[in-house]
Amino acid sequence: MSSPINCEPLKALIRAVPDFPKPGILFYDITTVLKDKAGFAQLIDAFAQYYIGKKVDLVLGIEARGFIFGPALAYRLNAGFVPVRKPGKLPAETLTVRYDLEYGSDSLQIHKDAIQPGQRVIIVDEMLATTQLVKELGGEIVGLTVAIELDFLKGRAKFPDTDVFSLIHYDE
């Protein structure tokens with residue numbers, strides 16, 4: 001396997017927005033990376049390089065950032081893409097999970113027939129709530145992947161037996 005792609009230099013393209021979505025939160029905005037054709041390509045290439053050869057059936061993309069990275073990664077891995085959405089957005093029968101964020105709470109839904117038992121799944125973007133949905137539908141989690149990991153939130157510790165892969169880290 002080739003050396004991992006170093007995405008830390010992409011921090012120069014990420015815009016830090018103070019007090020969003022509420023006072024006291026420092027939000028790392030990736031839209032500035034997405035509009036940079038080389039930066040966006042580097043992110044997708046780094047995700048794909050990590051998962052190539054790990055037999056992935058589905059990539060789950062969480063609204064909204066997962067809708068950006070998920071389809072591109074699924075295409076590169078020759079896998080299917082499954083959207084996980086906010087309540088009321090999916091047309092067929094769904095499974096719902098409610099979860100807490102560092103700045104509030106929310107819910108996500110997935111179609112009940114989106115994952116077949118034993119399918120191997122990568123989750124892109126939000127981790128905790130979506131792992132519950134995958135397990136309830138009988139899927140096997142190959143990995144959890146995020147573009148940006150806020151190390152100080154210690155989210156990785158909630159998944160001691162799962163491969164968590166992130167490209168860019170922030171300690172504060």
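The structure presented is a predicted model; accordingly, all values stated were derived computationally and were not measured.
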Got a list of side-chain donor-acceptor pairs under 3.5 Å for residues 135-144, not counting sequence neighbours?
from : atom 1 : to   : atom 2 : distance (Å)
E136 : OE2    : Q132 : NE2    : 3.1
E140 : OE2    : R120 : NH1    : 2.7

With side chains defined as the heavy atoms from C-beta onward, is the minimum distance between [X] and [Y] less than 4.5 Å?
| X | Y | answer |
| --- | --- | --- |
| V134 | I123 | yes |
| I110 | L60 | yes |
| L77 | I52 | yes |

Tell me whether [Y] is reachable from [X] by hopping between hydrophobic residues (I, L, V, M, F, W, Y) whose side-chain heavy atoms are closer than 4.5 Å.
| X | Y | answer |
| --- | --- | --- |
| L26 | L13 | yes |
| V59 | F40 | yes |
| F69 | Y75 | no |
| I5 | I44 | no |
| F67 | L43 | no |

**Request:** Can you run down the side-chain hydrogen bond (donor to acceptor under 3.5 Å, both in side chains) pairs that involve residues 6-19, sequence neighbours left out, and say none if there aren't any?
**Result:**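 Checked against side-chain hydrogen bond (donor to acceptor under 3.5 Å, both in side chains) - neighbours excluded - the pairs reaching residues 6-19 are E8-K11, R15-D29, R15-T31.
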**Prompt:** If you look only at pairs with a residue in residues 37-47, which of them pass as a side-chain hydrogen bond (donor to acceptor under 3.5 Å, both in side chains), with sequence neighbours excluded?
**Reply:**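 Checked against side-chain hydrogen bond (donor to acceptor under 3.5 Å, both in side chains) - neighbours excluded - the pairs reaching residues 37-47 are D45-R76.
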Return all side-chain donor-acceptor pairs below 3.5 angstrom for residues 90-97, not counting sequence neighbours, or 'none' if the list is empty.
from : atom 1 : to   : atom 2 : distance (Å)
E93  : OE2    : K112 : NZ     : 3.2
T94  : OG1    : Q109 : NE2    : 3.4
T96  : OG1    : Q109 : NE2    : 2.9

Show me, pair by pair, the donor-acceptor contacts under 3.5 angstrom made by side chains of residues 78-87, not counting sequence neighbours?
from : atom 1 : to   : atom 2 : distance (Å)
R85  : NE     : E63  : OE1    : 2.9
K86  : NZ     : D106 : OD2    : 2.8

**Asked** What are the two closest heavy atoms between S166 and R156, and how far apart are they?
**Response**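 Smallest heavy-atom distance, with atoms named: OG-NH2, 3.2 Å.
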**Request:** Looking only at non-hydrogen atoms, find the nearest pair between I25 and F20 and report the distance.
**Result:**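 Smallest heavy-atom distance, with atoms named: CG2-O, 3.1 Å.
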**Request:** Report the distance from atom CD1 of I168 to atom CG of L10, rounding to the nearest 0.5 Å.
**Result:** 5.0 Å
**Item:** With sequence neighbours excluded, residues passing ring pair (Phe, Tyr, Trp, His ring centres under 6.0 Å) with F165
**Value:** Y50
**Message:** Angle between ring planes, Y28 versus Y170, binned at 30° and 60°: parallel, tilted or perpendicular?
**Reply:** parallel
**Prompt:** Hey, which of D57, L58, L133 is the one that makes side chain to side chain contact (heavy atoms under 4.5 Å, CB included) with I115?
**Reply:**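 One option only clears the test, and that one is L58.
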